Amino acid sequence: MKFRVERDALADAVAWTAKSLPNRPSVPVLAGVMLRLSEGNLQVSGFDYEVSSQVTVEVQGDADGAALVSGRLLAEITKALPAKPVDIAAVGAHLELVCGSARFTLPTMPVEDYPTLPEMPQSAGTVDAAAFASAVAQVAVAAGRDETLPMMTGVRIELDGSTMSMLATDRYRLALRELQWRPDDPELSINALVPARTLHDTAKALGPIGGEVTVALSHGTAGEGMIGLAGGTRRTTSRLLDGANYPPVRSIFPTSHNAEARLSVPALVEVVKRVALVAERATPVLLSFSPDGLVVEAGGTEEARASEAMEADFTGEPLTIGFNPQYLIDGLQNLGSAIARLDFVDAFKPAVLAPAQEDGEVIPGYRYVIMPIRVTR
């Protein structure tokens, strides 16, 4: 195998592939990226039996072939190369890489020991890449991080006709995003639970490419299905999580509210960040709403306390409610709006955060539910 490729194209391809490689692979070859050259197209691939990534790059090929090298090492090297064309050649049991006056020789692993990447499942439809990336980011922030509860680490994708809904929860907050997409079958109705980290990383990488993302799904038994996402010259497949017993989280959304507040998102984020500096771990910030506006308070060790007032348009009986400050900030920063509306039932039931217009009218599509923390005053 021998070819020449632009530095940036190679670095982007290797970084995209290496990102999903396991830190502690079960077998050494799974830490590698496969470089396979055929007819002027270089395929850079990675696979850990759960997630596969592949990108195709146009190169000036001299000799077809394949080589398997350490993915993370190659990613670090290509990122650090000077901005010049890169010449790569497989020589015996090594890969030689030359860029300007920089030269690297890397050991290769047996190509024949590398597993075959899964095929893309059958296409289910397409969605705008930028809109998809934005929606995934809004929802994935609420997914759990506790691997002992794998169901909570996923994003549930619900496909119903031309509506795509995504939900995620870690039991303390819940995010829901709805957007339009173009299904191959207008009568399609299917649900899938996708690992949140894989979905987020893939959507984030495909969004800037523009165009459309193809969403592909296989209909396996519980826990054995697969999702495929493809855009431009990149594609990813991932095994689905078992979502057969996913809780009916939509029931968490209150059907009515007794009070509501309209606030500036940037202002509230800054106030919460400042006040939370004195808060201990798991200590809430208190939001006290009244017709006069909002006061944000927090207390910490050695009687350290902080409070700050800000403007807020509030309707309802005066209310004091406590939230995890980071969960509140996460929701605010993912609204995609300069104005937020908070709807309350009371101080002990879930509050709903949504993007809003200047007049307080909710912008449909995204809702973020945050559970209050009980406080005594």
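Throughout, numbering of the chain's residues begins at 1 and tracks the sequence. Since the model is a prediction, treat every value here as computed from it, not as a measurement.
Dense packing is recorded around CD of Gln326, with more than 12 heavy atoms of other residues, nucleotides or ligands lying under 6.0 Å away. Summarising the local packing, CZ of Arg72 is surrounded by more than 12 heavy atoms from other residues, nucleotides or ligands at distances under 6.0 Å. At most 12 heavy atoms of other shown residues, nucleotides or ligands fall within 6.0 angstrom of atom CD in Glu119. Within 6.0 Å of the CZ atom in Arg36, the count of heavy atoms belonging to other residues, nucleotides or ligands does not exceed 12. Atom CD of Glu112 is surrounded by more than 12 heavy atoms from other residues, nucleotides or ligands within 6.0 Å. The number of heavy atoms from other shown groups lying within 6.0 Å of CZ (Arg145) is above 12. A 6.0 Å sphere centred on CD of Glu308 holds more than 12 heavy atoms belonging to other residues, nucleotides or ligands.
Listed for the Thr17 side chain is no donor-acceptor partner under 3.5 Å among the backbone atoms of Val14. Between the side chain of Ser337 and the main chain of Ala356, a donor-acceptor pair closer than 3.5 Å is present. Remark: the backbone N or O of Ala131 is not paired with any side-chain donor or acceptor of Ser134 at under 3.5 angstrom. For the pair Tyr366 (side chain) and Gln138 (backbone), a donor-acceptor distance under 3.5 Å is present. Judged by distance alone, with hydrogens and angles left aside, the side-chain atoms of Asp160 form no donor-acceptor pair with the main-chain N or O of Thr163 at under 3.5 Å. Remark: side-chain polar atoms of Trp16 are not paired, donor with acceptor, to backbone N or O of Ala11 under 3.5 angstrom. For the pair Thr78 (side chain) and Ala75 (backbone), a donor-acceptor distance under 3.5 Å is present.
Donor-acceptor pairing under 3.5 Å is recorded for the side chains of Ser20 and Ser53. Between the side chains of Ser162 and Gln180, at least one donor N or O sits under 3.5 Å from an acceptor N or O. Looking at Ser52 and Thr237, their side chains do bring a donor and an acceptor atom within 3.5 Å of each other. When only modelled atom types and interatomic distance are considered, Ser288 and Thr320 share a side-chain donor-acceptor pair under 3.5 Å.
Cluster membership for Leu176 and Tyr368, using ILVMFWY side-chain heavy atoms within less than 4.5 angstrom, is not shared. Leu106 and Ile88 fall within the same hydrophobic cluster, defined by Ile, Leu, Val, Met, Phe, Trp and Tyr side-chain heavy atoms under 4.5 Å apart, directly or through other members. Hydrophobic clustering, with ILVMFWY side chains joined whenever heavy atoms are under 4.5 angstrom apart, groups Ile329 together with Met310. Follow the hydrophobic side-chain contacts under 4.5 Å out from Met1 and you never reach Met109; the two are in separate clusters. Val136 and Leu335 are assigned to two separate hydrophobic clusters, defined by single-linkage of ILVMFWY side chains at heavy-atom distances under 4.5 Å.
Pairs passing the salt bridge (charged side-chain N to carboxylate O under 4.0 Å, His left out) check and including a residue from residues 161-173, sequence neighbours excluded, read Asp170-Arg173, Arg173-Asp330.
A salt bridge is absent between Lys204 and Asp201: the closest approach of a Lys/Arg side-chain nitrogen to an acidic carboxylate oxygen does not fall below 4.0 angstrom. Using a cutoff of 4.0 Å between basic side-chain nitrogens and carboxylate oxygens, Glu361 and Arg341 are not scored as salt-bridged.
Leu193 has its side chain within reach of Tyr246: a pair of non-hydrogen atoms, C-beta onward, lies under 4.5 Å apart. Here the side chains of Leu294 and Leu268 are in contact, with some heavy-atom distance below 4.5 Å. Side-chain contact check for Val215 versus Val127: some heavy-atom pair is nearer than 4.5 Å. Between Phe3 and Leu42, the closest side-chain pair of non-hydrogen atoms falls below 4.5 Å. The closest side-chain heavy-atom distance from Ile339 to Ile363 is not below 4.5 Å. Using a 4.5 Å heavy-atom threshold, the side chains of Leu68 and Leu35 count as separate. In this structure the side chain of Arg367 never reaches within 4.5 angstrom of the side chain of Leu353, judged on heavy atoms. Side-chain contact between Ile157 and Leu167: absent, with no pair of heavy atoms (C-beta onward) separated by less than 4.5 Å.
The shortest non-hydrogen separation linking Glu96 to Thr105 is CG-OG1, 4.2 Å. Scanning all heavy atoms of the two residues, the minimum distance from Trp181 to Ala124 falls at CH2-O, 3.4 Å. Val345 approaches Ser256 most closely through the heavy-atom pair CG2-O, 3.4 Å. Taking each heavy atom of Val111 and Met34 in turn, the nearest pair found is CG1-CE, 3.7 Å. Shortest non-hydrogen contact noted between Leu21 and Ala31 is CD1-O, 3.5 Å. Minimum interatomic distance between Thr108 and Ala67 (heavy atoms only, all atoms of both residues): CG2-CB, 4.4 Å.
Shown are Leu241, Asp242, Asn245; of these, the side-chain contact (heavy atoms from CB on, under 4.5 Å) with Met151 is made only by Asn245. Between Arg177 and the options Val155, Asn334, Val139, a side-chain contact (heavy atoms from CB on, under 4.5 Å) holds for only Val139.
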Let me see the working for Asp12 and Leu10 under side-chain contact (heavy atoms from CB on, under 4.5 Å), right down to the final yes or no. CA-CA 6 Å; Asp12 287 346; Leu10 178 65; over 6 Å; no
Would you sort out whether Thr169 and Val369 count as a side-chain contact (heavy atoms from CB on, under 4.5 Å), showing the intermediate values? CA-CA 9 Å; Thr169 180; Val369 174; over 6 Å; no
Carefully, step by step, assess Leu328 and Ile370 under the rule side-chain contact (heavy atoms from CB on, under 4.5 Å). CA-CA 7 Å; Leu328 178 58; Ile370 181 169; 4.1 Å; yes
Evaluate the criterion side-chain hydrogen bond (donor to acceptor under 3.5 Å, both in side chains) for residue pair Thr315 and Glu260; output intermediate values, then yes/no. CA-CA 5 Å; Thr315 303; Glu260 65 180 56; 5.0 Å; no
Any chance you could lay out the side-chain contact (heavy atoms from CB on, under 4.5 Å) test for Val55 and Gln43, step after step, and finish with the verdict? CA-CA 6 Å; Val55 59; Gln43 285 188 341; over 6 Å; no
Take Thr56 and Asn41 through the side-chain hydrogen bond (donor to acceptor under 3.5 Å, both in side chains) test and state the conclusion after the steps. CA-CA 6 Å; Thr56 302; Asn41 288 314; over 6 Å; no
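In this structure, Asp359 CG and Arg262 CZ are separated by 7.5 Å, a value rounded to the nearest 0.5 Å. Here OG1 of Thr236 is found 8.5 Å from CE of Met120. Values are rounded to the nearest 0.5 Å. Interatomic distance, Leu286 CG to Ile321 CD1, rounded to the nearest 0.5 Å: 10.0 Å. How far CG of Leu179 is from CE of Met164: 6.0 Å, rounded to the nearest 0.5 Å. Rounding to the nearest 0.5 Å places CG of Asn191 at 9.0 Å from OG of Ser165. Rounded to the nearest 0.5 angstrom, Phe104 CZ and Cys99 SG are separated by 9.0 Å.
Aromatic pair Phe344/Phe289: ring centres closer than 6.0 Å.
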